[in-house]
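First up is the structure itself, then whatever we jot down about it.
Everything numeric in this text was worked out from a predicted model, so none of it was measured.
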Amino acid sequence: MTKSDNGRDSTSKDGNTSKVGSTSKDGSTSKDGLTLRIAQQPEADELLARSPLAALVGMLLDQQVPMEWAFTGPYTLAERMGSDDLDAGKIAAYDPDAFTSLFTTKPALHRYPGSMAQRVQQLCQYLVAEYEGDASAVWRDAGTGEELLRRLNALPGFGTQKAQIFLALLGKQFGVRPTGWRAAAGAYGEDGSRRSVADITGPESLAEVRAYKQEAKAAAKAAKAAKTTTTATTPKAAKGPSKG
């Protein structure tokens with residue numbers, strides 16, 4: 001069993017460790033006992049723990065910005081909308097320009113507030129059309145990990161990688177574990193890994209995940225540079241004798 005940064009651990013039948021009904025001085029526990037420490041801000045983490053839509057929106061925002069910034073976004077958005085939660089129907093019907101202003105108002109909710117406002121609204125419009133605005137319905141009755149992955153991958157703004165990371169987050173921290181969920185989540189579903197937001201349970205694991213991402217980025221950059229150098233130094237094949 002792997003010990004988390006804070007809180008009491010429990011181990012499921014498939015070897016996954018999750019936190020059950022635990023509260024740390026800087027963490028936040030929802031009414032159903034779920035504790036998250038992803039945003040590193042108690043109020044934002046409490047919203048993520050109780051609001052499926054907030055969790056989805058946070059995952060959508062998790063690109064090209066620090067993870068804790070992305071997952072604080074749903075809480076800030078709810079505040080700016082004058083609510084303590086996000087409502088897919090309300091967001092879907094919101095005037096696009098007015099909704100964008102909620103993102104662009106300083107401090108901006110994202111590095112690219114305009115485009116992300118549009119994506120969040122598209123996500124909510126999809127949820128209204130396909131799931132009657134209920135974000136949790138995306139995973140509530142999914143029978144297998146592959147089915148859940150397909151559903152997540154169909155969400156606007158969710159490519160395969162983002163869908164796998166969120167699937168891993170659902171399994172590792174939300175207790176959503178349909179048959180084969182780890183395999184469907186790929187490397188992100190591995191027990192004890194430190195690859196993504198799915199593995200963040202406090203400051204220590206946040207630092208470990210950030211270090212992994214930086215190493216992976218550096219390795220990819222080095223591989224690209226090596227490939228470019230090899231291509232530039234490879235001599236061209238000599239031409240054969242001309243005919244005639």
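- Contact annotation: the side chain of L61 never approaches that of L109 to less than 4.5 Å [non-hydrogen atoms, C-beta and beyond].
- Once rounded to the nearest 0.5 Å, the distance linking CG of L169 with CD1 of I38 reads 5.0 Å.
- Under the rule for a salt bridge (charged side-chain N to carboxylate O under 4.0 Å, His left out), E146 has no partner lying at least two apart in sequence or in another chain.
- Using a cutoff of 4.0 Å between basic side-chain nitrogens and carboxylate oxygens, E68 and R210 are scored as salt-bridged.
- Every residue was checked against the salt bridge (charged side-chain N to carboxylate O under 4.0 Å, His left out) condition with R111, not counting sequence neighbours, and none meets it.
- One finds the CD atom of E208 at 5.0 Å from the CD atom of E204 (value rounded to the nearest 0.5 Å).
- Atoms OH and CZ, on Y131 and R140 in that order, are 11.0 Å from each other to the nearest 0.5 Å.
- Exactly one residue among L148, D141, L167 makes a side-chain contact (heavy atoms from CB on, under 4.5 Å) with P178. That residue is L148.
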Show the numbers, then the answer: is there a side-chain contact (heavy atoms from CB on, under 4.5 Å) between W181 and V176? CA-CA 9 Å; W181 71 270; V176 178; over 6 Å; no
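- Separation of atoms CG (L48) and CG (L53) is listed at 11.0 Å; rounding is to 0.5 Å.
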Determine whether I200 and F71 satisfy the following criterion, side-chain contact (heavy atoms from CB on, under 4.5 Å), listing intermediate values before the conclusion. CA-CA 12 Å; I200 297 175; F71 282 89; over 6 Å; no
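- Note on W69: it does not cluster hydrophobically with M116, by side-chain heavy-atom contacts below 4.5 Å among ILVMFWY residues.
- Hydrophobic clustering places F99 together with Y126 (ILVMFWY residues linked when any side-chain heavy atoms are closer than 4.5 Å, directly or through intermediates).
- Atom NZ in K162 sits 5.5 Å away from atom CG in D62 (nearest 0.5 Å).
- Here the side chain of H110 pairs no donor or acceptor atom with the backbone of V65 at under 3.5 angstrom.
- Donor-acceptor pairing under 3.5 Å is lacking for the side chains of S83 and D85.
- When the side chains of ILVMFWY residues are joined at heavy-atom separations under 4.5 Å, either directly or via intervening members, M67 and Y212 end up in two distinct hydrophobic clusters.
- No hydrogens or angles considered: a donor-acceptor pair under 3.5 Å links the side chains of Q161 and Y188.
- Ring pair F166/W139 is tilted by interplanar angle, where 30° to 60° counts as tilted.
- Side-chain contact annotation: E79 with Y75, donor-acceptor N/O pair under 3.5 Å present.
- How far CD of Q125 is from CD of Q122: 7.0 Å, rounded to the nearest 0.5 Å.
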